[in-house]
Amino acid sequence: MLNLTHTKVKTLLATAPKSQKVTVKGWVRTRRGNKNVAFIALNDGSVIHNIQIVADPNNFNEELMKNITTGSCLRVTGNLVESLGSGQPVEIQATEIELYGSADPNVYPLQKKGHSMEFLREIAHLRPRTNTFGAVLRVRHAMSYAIHKYFNDNGFYYLHTPIITGSDAEGAGEMFQVTTLNLHNLPKTPEGQIDFSLDFFARPTNLTVSGQLEGELGALALGEIYTFGPTFRAENSNTPRHLAEFWMVEPEMAFYEIRDNMDLAEDFVKYLVRYALDHCADDLAFFNQMYDKELLERLQVVATNDFVRLTYTEAVDILMKSGQKWEFPVDWGTDLQAEHERYLVEKHFVKPVILTDYPKKIKAFYMYQNEDKKTVRGMDVLFPKIGEIIGGSQREHRLDKLVERMREMNVPEKEMWWYLDTRRFGTAPHSGFGLGFERLILFITGMSNIRDVIPFPRTPRNAEF
Ligand code: 4AD
Ligand code: MG
């Protein structure tokens with residue numbers, strides 16, 4: 001067992017005080033007091049709560065005491081005692097204080113007063129030191145761990161799919177190109193095209209928009225796999241729910257048909273919500289109090305209710321009969337917007353919803369085509385406050401149908417020879433989906449902007465830090 005000389009605040013707050021000698025290291029959140037006593041709230045990121053340090057300024061160097069201001073970093077050794085003040089079970093009566101680093105109050109931007117989310121985005125390098133971002137980052141960690149645990153416990157293998165690819169999994173053309181060619185002097189073919197044969201990979205490449213296609217290769221060998229990695233989309237969407245770089249969890253399962261896929265998606269997200277309720281109680285209580293008074297209630301609703309399942313066609317019918325005024329009009333064949341998704345979830349059913357059987361023309365080429373020739377076995381999971389949190393489908397595993405659809409949609413068949421090989425050799429029904437990790441974190445924390453649930457957001461015109 002790791003045995004360090006200092007103890008985490010989280011551990012100390014759960015330790016019975018017997019005046020034992022302890023050492024703690026962390027950053028000063030606040031300092032108050034007078035000539036004879038200083039109360040220092042110290043936080044080390046291990047938990048949302050601070051530990052209170054009590055020091056008699058007369059026992060310490062004057063220069064040192066002057067430098068104990070918000071943001072400075074300290075080592076404190078002292079005795080852990082029961083706290084007589086309200087608000088904390090224990091405190092440390094300091095006997096030694098070492099200043100690791102001061103933080104000039106005239107320039108350190110994170111003073112005690114509350115800051116706007118917009119301001120904090122400008123100082124994303126320091127915002128992890130706030131209560132809010134500390135809590136967000138701990139929840140991100142807990143959810144990452146829970147994702148691996150869920151899949152491991154259910155016999156799925158973690159498959160690492162490439163970040164740099166030559167294909168466009170979603171066929172939406174929203175890709176960031178990857179090249180080492182000199183952009184100021186591009187080599188040209190005799191026909192005047194860019195000569196990618198001289199590029200690093202001797203072909204055009206891009207950052208992946210989804211690990212799905214490679215995930216399918218894994219599933220058709222290992223049975224059940226999942227990927228969990230960064231994905232990139234050059235879509236110019238300036239919304240509170242879109243990032244240019246986001247993390248996606250993509251399970252892919254051989255022998256699952258659409259119903260199995262829905263069952264897995266529902267079980268999986270309920271598990272994650274329950275895991276957060278069980279393991280992140282302090283941080284969730286903070287979010288519930290500071291940002292969203294209905295958060296815990298909403299998490300309970302999702303964890304304990306069966307999701308409603310209906311087809312796109314049924315949903316469009318409900319939306320058209322709703323009498324609502326939409327910003328984007330609905331009719332059969334158009335893609336649903338967040339306002340429609342949220343109406344279904346928040347107003348009509350008041351439960352999470354899984355929609356299936358979308359018109360084929362608004363979905364990707366790889367989805368299983370229904371008998372009706374109009375719809376495909378796609379599925380989206382819609383959540384309160386978020387709208388689409390999961391997108392997935394049963395895959396088209398019949399070679400002839402897949403090729404036909406690729407031709408219709410101008411998906412380069414020749415370049416996708418490896419994908420088509422899975423349908424040539426031992427093809428099998430299979431399904432999968434993608435959970436947007438930041439959308440999950442938005443839901444779990446009740447935060448309202450996706451830029452505030454990832455440490456360093458990448459959005460149009462913004463790649464600072
Ligand atoms: O619905 P999408 O585009 O589906 C796919 O990429 C499939 N290949 C997944 C699969 O079947 N394996 O994206 C899946 C999810 C969305 O439901 C959403 O939660 C999230 O990824 N997402 C984004 N999150 C943040 N920023 C963006 N720009 C996102 N685009 C999609
Ligand atoms: Mg989608």
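Just follow the structure's listing: the first ligand is 1, and inside any ligand the first atom is 1.
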- request: Check Phe383 against ligand 1 and report side chain, backbone, both or neither, counting heavy atoms closer than 4.0 Å.
  value: neither
- request: Could you label the plane-to-plane angle of the Tyr419 and Phe365 rings as parallel, tilted or perpendicular, counting under 30° as parallel and over 60° as perpendicular?
  value: perpendicular
statement: The answer for which part of Glu235 has a heavy atom under 4.0 Å from ligand 1 is side chain
query: How are the rings of Tyr343 and Trp326 set relative to one another: parallel (under 30°), tilted (30 to 60°) or perpendicular (over 60°)?
result: perpendicular
query: Would you call the rings of Phe465 and Phe456 parallel, tilted or perpendicular, where under 30° means parallel and over 60° means perpendicular?
result: tilted
message: Tell me the contacting part of Asp380 for ligand 1: side chain, backbone, both, or neither, using a 4.0 Å heavy-atom threshold, strictly below.
response: neither
- request: May I ask you to check if any N/O/S atom from Glu388 comes under 2.8 Å of the Mg ion (ligand 2)?
  value: yes
message: Is Gln394 close enough to touch ligand 1? Criterion: a residue heavy atom under 4.0 Å from a ligand atom.
response: no
- request: Taking atom types as modelled, find out whether Arg451 and Asn462 have a side-chain donor-acceptor pair closer than 3.5 angstrom.
  value: no
query: Quick one: are the ring centres of Phe268 and Tyr150 less than 6.0 Å apart?
result: yes
message: Among all the protein's non-hydrogen atoms, which is closest to atom 15 (C) of ligand 1, and how far away is it?
response: Gly434 O, 3.6 Å
- request: Give the single entry among Phe232, Tyr366, Phe246 that approaches atom 30 (N) of ligand 1 most closely by any heavy atom.
  value: Phe246
task: Examine ligand 1 and decide if any of its atoms is less than 4.0 Å from a heavy atom belonging to Glu252.
output: no
- prompt: With a 4.0 Å cut-off on heavy atoms, is Gly392 touching ligand 1?
  reply: yes
field: Proximity to ligand 1 by part of Arg395, non-hydrogen separation under 4.0 Å
entry: side chain
message: Taking only non-hydrogen atoms of Ile450, do any sit less than 4.0 angstrom from ligand 1?
response: yes
- prompt: Starting from atom 14 (C) of ligand 1, which protein heavy atom do you reach first, and at what distance in Å?
  reply: Met248 SD, 3.4 Å
- request: For atom 9 (C) of ligand 1, grab the closest protein heavy atom and report residue, atom and distance to one decimal in Å.
  value: Glu250 OE2, 3.3 Å
- prompt: Does a donor on one side chain and an acceptor on the other come within less than 3.5 Å for Glu216 and Gln212?
  reply: yes
Ligand 1-proximal atoms of Glu170, by part, heavy-atom distance under 4.0 Å: side chain
